[in-house]
Amino acid sequence: VLYGMTILLNAEAAVTVEVDGFVNENGDAKTLRFTGSTTVDTHVSFGGNGLIANGGTLTVTSSVADKALIHWRVRDSA
C-alpha cells in the first residue's frame, strides 16, 4: 500500500519519481509519475487508505538517488 511520498528539493533539476504496480480500467500496466521542485520539498499523500498496488509488485524509481522518501507498508494478505 502506497500512502505517500516526500520528494526532496534538488537545485540542479526537479526530481521525477515513477511508481509501477498499478493497472488502469482496461487492465493495462500504468505508471504513476510525480515531479518535485528545485526550491521546496514536495509532499504527496494518498489519504488514510493509501493506494493498493493492483498490478503486481510496487516498484519506485527516482531520477536522482536518495531524493525520494516513500511512505508504504506491505498489505496483509488476510
Side-chain angles (χ1 to χ4, degrees):
V1 179
L2 178 63
Y3 290 103
M5 68 184 74
T6 299
I7 304 172
L8 302 176
L9 71 91
N10 190 49
E12 293 84 34
V15 176
T16 300
V17 177
E18 293 186 347
V19 184
D20 294 307
F22 301 97
V23 295
N24 65 17
E25 61 276 1
N26 297 321
D28 300 324
K30 182 69 179 169
T31 298
L32 304 179
R33 186 172 292 117
F34 303 91
T35 303
S37 171
T38 58
T39 57
V40 296
D41 294 342
T42 302
H43 304 282
V44 180
S45 176
F46 300 110
N49 293 326
L51 297 178
I52 298 172
N54 58 357
T57 303
L58 184 65
T59 305
V60 179
T61 306
S62 176
S63 64
V64 180
D66 301 326
K67 288 290 186 174
L69 308 172
I70 310 303
H71 314 287
W72 67 280
R73 77 170 174 87
V74 176
R75 182 178 175 210
D76 296 332
S77 59

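In what follows, residues are counted from 1 in the order of the sequence shown.
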Quick one: closest heavy-atom pair of [X] and [Y], and the distance?
X	Y	value
V1	G50	CG1-CA, 3.9 Å
Y3	W72	CD1-CA, 4.0 Å
T42	G36	OG1-CA, 3.5 Å

Give a yes or no on whether [X] atom [atom1] has more than 12 heavy-atom contacts from other residues, nucleotides or ligands under 6.0 Å away.
X	atom1	value
N24	CG	yes
D28	CG	yes
K67	NZ	yes

When rounded to the nearest 0.5 angstrom, what is the spacing between [atom1] in [X] and [atom2] in [Y]?
X	Y	atom1	atom2	value
L8	D41	CG	CG	5.0 Å
I7	T16	CD1	OG1	8.0 Å
T61	D20	OG1	CG	6.0 Å
L2	I52	CG	CD1	11.0 Å

- Ignoring hydrogens and geometry, is there a side-chain-to-backbone donor-acceptor pair from N10 to T38 under 3.5 Å?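 Looks like no, no N/O pair under 3.5 Å.
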- Message: Side-chain heavy atoms nearer than 4.5 Å, only ILVMFWY residues, links allowed to pass through others: does that put V44 and V40 together?
- Response: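 No, separate clusters.
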- Path from V60 to L32 over hydrophobic side-chain contacts below 4.5 Å: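 Yes, it is one cluster - the side chains of V60 and L32 are joined through contacts under 4.5 Å.
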- Query: Do S37 and T39 get their side chains close enough for a donor-acceptor pair, meaning under 3.5 Å?
  - Reply: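 Distance-only check passes for S37 and T39.
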- Query: Which is it for M5 and V19 under the side chain to side chain contact (heavy atoms under 4.5 Å, CB included) test, yes or no, and what are the steps along the way?
  - Reply: CA-CA 11 Å; M5 68 184 74; V19 184; 3.9 Å; yes
- Can you find a heavy atom in the side chain of F22 that is under 4.5 Å from one in the side chain of L58?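 Of all side-chain heavy-atom pairs linking L58 with F22, at least one is under 4.5 Å.
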- Any side-chain heavy-atom pair from S63 and V15 closer than 4.5 angstrom?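 Counting from C-beta outward, S63 and V15 do come under 4.5 Å.
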